[in-house]
Amino acid sequence: MLDVSLHSVSNFALAEVTLTFPAGTHTAVIGPPASGLSTLLRLVAGTLRPAAGEIRIGTRVVNDLSASRRPLLYVTSSIDAPERWSVRHALVAAVRRRTLDRADRQHEYALAVDQWKLDGVLDRKIGSLSGSERTRAHLARIELLRPAVLVADRLLEHLNPSSANELIDTFYRTLRVAGTTVITAPATRAELGATDRVIVLERGRMVQEGTAAHIYLHPASEASALATGEVNVVPIEIRDSTVGSVIGSWDLAAAPFQGPGVALARPEAFALAAPGGPSDLIVAVEEATFENGRWMVRAILTGVLTLRISLDADVRLHKGKLLALTYEPSRFVLVAREGAGEHRGTTFAPPGFDFDDNRRQR
């Protein structure tokens, strides 16, 4: 098992990044477009060179080592084998790269074919496979190669959603048993559940790290919130101890900043108001999809803001239906806009919104 570390690594897309990927662990690197995550993976893999800093695999500095000489496997969603090869040819070629005797090679090959359900496509050319079949052949090939370090950039982006969770669990569990150090830029949020740690990049800098669950519940920025799940980004203005926004206003025991910012509100932070009871806002249903036993609703607030809301399965919905909602501001994460600081300028006030008259007491 090998760990991987970067020490003050910089180039055109990264700014003095220092972090370690411990041996045998699975780390996901996430972030918005142009955050530098693909660049980071390519630096580790050796297809790019840093302008400054050191990259180590184990105890060895690998800055000047070519990609082919580094003790790792770098993969994308494209299988690293000629399209004219059969699946059988690709898998046999992979297992032959390991120092195993003939019997062990045959045993490993048979296990991979069975685990990834490839019996029916072994004699087909890779170029003729469907996206799902190609992905399963790709995962089997990686398993047979048994890399000490796997660097994967959007490896599973062509995975069929209907089988995603099962394949994600099987693949990463297999690598964990093998002791592989996994560094990945995931193609889907579903992959975050298989990780030990998540690193969030924004504008070439690391802005947060932790478990996927911690970052989901306590995002440090919009980038962290958006990368880990559905989130509503509600513009706010904090003046003294009061938060003003288009969805209402509320008081804080201690304001984290003054001036403009955003409230990061997960879909489950909103709930239907009790019949005949008080509500905090009225929204109109624009569309609704049924996911994992719950409704995921996209609703519009008086044409000003679109909200994503999670509702119970037994709620009856149709386009245009008005929903009375309540929310608990303590579940929101408040983040200052860049450069807000102790800003005391113009108060944020959407059309028709009065900062003081719409205050909620909390």
Side-chain angles (χ1 to χ4, degrees), residues 1-5 19-30 41 44-45 57-59 70-77 79-81 87-88 90-119 121-122 132-160 163-199 209-214:
M1 293 191 294
L2 295 172
D3 59 8
V4 178
S5 57
L19 54 88
T20 298
F21 302 96
T25 63
H26 179 180
T27 303
V29 185
I30 60 178
L41 266 58
V44 172
I57 299 179
T59 60
R70 298 191 183 192
L72 56 78
L73 178 64
Y74 173 61
V75 296
T76 65
S77 60
I79 188 168
D80 185 22
V87 173
R88 188 191 308 276
L91 299 186
V92 169
V95 76
R96 280 180 174 172
R97 288 168 59 177
R98 293 169 56 196
T99 54
L100 299 171
D101 62 29
R102 183 181 179 85
D104 285 341
R105 284 202 304 268
Q106 291 176 337
H107 179 66
E108 293 282 338
Y109 169 84
L111 287 176
V113 169
D114 180 63
Q115 173 159 282
W116 298 106
K117 300 178 176 60
L118 296 172
D119 273 314
V121 299
L122 286 175
S132 178
E133 291 166 341
R134 186 183 292 252
T135 296
R136 287 190 283 115
H138 196 9
L139 299 184
R141 182 171 166 81
I142 294 169
E143 178 186 332
L144 288 171
L145 289 168
R146 289 290 174 92
V149 177
L150 177 68
V151 180
D153 192 354
R154 298 186 63 81
L155 170 63
L156 303 177
E157 71 177 336
H158 299 310
L159 195 60
N160 188 327
S163 59
N165 290 338
E166 180 183 354
L167 292 187
I168 288 168
D169 178 69
T170 300
F171 179 62
Y172 288 122
R173 180 161 38 84
T174 299
L175 293 178
R176 188 179 296 276
V177 171
T180 301
T181 303
V182 180
I183 306 168
T184 179
T188 66
R189 291 171 181 153
E191 295 175 59
L192 298 180
T195 64
D196 299 299
R197 182 178 62 148
V198 174
I199 290 172
E209 65 175 314
T211 64
H214 175 79

Look at the side chain of [X] and the backbone N and O of [Y], then say whether any donor-acceptor pair between them is shorter than 3.5 Å.
{"X": "R134", "Y": "I79", "answer": "no"}
{"X": "T181", "Y": "D3", "answer": "no"}
{"X": "R197", "Y": "E209", "answer": "no"}
{"X": "H26", "Y": "R176", "answer": "no"}

Nearest-0.5 Å distance, [atom1] of residue [X] to [atom2] of residue [Y]:
{"X": "E191", "Y": "F171", "atom1": "CD", "atom2": "CZ", "result": "9.5 Å"}
{"X": "D101", "Y": "Q106", "atom1": "CG", "atom2": "CD", "result": "9.0 Å"}
{"X": "T170", "Y": "W116", "atom1": "OG1", "atom2": "CH2", "result": "5.5 Å"}
{"X": "L192", "Y": "I168", "atom1": "CG", "atom2": "CD1", "result": "9.0 Å"}
{"X": "R146", "Y": "T180", "atom1": "CZ", "atom2": "OG1", "result": "7.5 Å"}
{"X": "L156", "Y": "T76", "atom1": "CG", "atom2": "OG1", "result": "11.0 Å"}

Looking only at heavy atoms, what is the nearest atom pair of [X] and [Y], with distance?
{"X": "A137", "Y": "L91", "result": "O-CD2, 3.9 Å"}
{"X": "A185", "Y": "L41", "result": "N-CD2, 3.6 Å"}
{"X": "R154", "Y": "S77", "result": "O-CB, 3.4 Å"}
{"X": "T20", "Y": "S5", "result": "OG1-CB, 3.7 Å"}
{"X": "L159", "Y": "A164", "result": "CD2-CA, 3.5 Å"}

Report yes if the side chains of [X] and [Y] come closer than 4.5 Å at any heavy-atom pair, otherwise no.
{"X": "T135", "Y": "L139", "value": "yes"}
{"X": "R105", "Y": "R102", "value": "yes"}
{"X": "V113", "Y": "D119", "value": "yes"}
{"X": "D104", "Y": "R98", "value": "no"}
{"X": "L100", "Y": "Y109", "value": "no"}
{"X": "T195", "Y": "V182", "value": "no"}
{"X": "T184", "Y": "Y172", "value": "yes"}
{"X": "P71", "Y": "V149", "value": "no"}

Which is it for I142 and L150 under the side chain to side chain contact (heavy atoms under 4.5 Å, CB included) test, yes or no, and what are the steps along the way? CA-CA 9 Å; I142 294 169; L150 177 68; 4.1 Å; yes

Could you go through V121 and L118, starting from their C-alpha distance and side-chain angles, then the distance that decides it, and tell me whether this counts as side chain to side chain contact (heavy atoms under 4.5 Å, CB included)? CA-CA 5 Å; V121 299; L118 296 172; 3.8 Å; yes

Could you tell me if T174 and E143 have a donor-acceptor pair between their side chains, going purely by distance under 3.5 Å?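 The answer is no; no qualifying pair exists.
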
Between D80 and L73, does a side chain to side chain contact (heavy atoms under 4.5 Å, CB included) hold up when you go through it step by step? CA-CA 11 Å; D80 185 22; L73 178 64; 5.7 Å; no

Passing candidate, side-chain contact (heavy atoms from CB on, under 4.5 Å) with L144, options R96, E108, R97: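 With L144 as partner, side-chain contact (heavy atoms from CB on, under 4.5 Å) holds for just one option, E108.
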
Would one find more than 12 heavy atoms of other residues, nucleotides or ligands at under 6.0 Å from atom NE2 of H107?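 Open.
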
Assess whether side chain to side chain contact (heavy atoms under 4.5 Å, CB included) is satisfied between V44 and Y74, documenting all intermediate values. CA-CA 9 Å; V44 172; Y74 173 61; over 6 Å; no

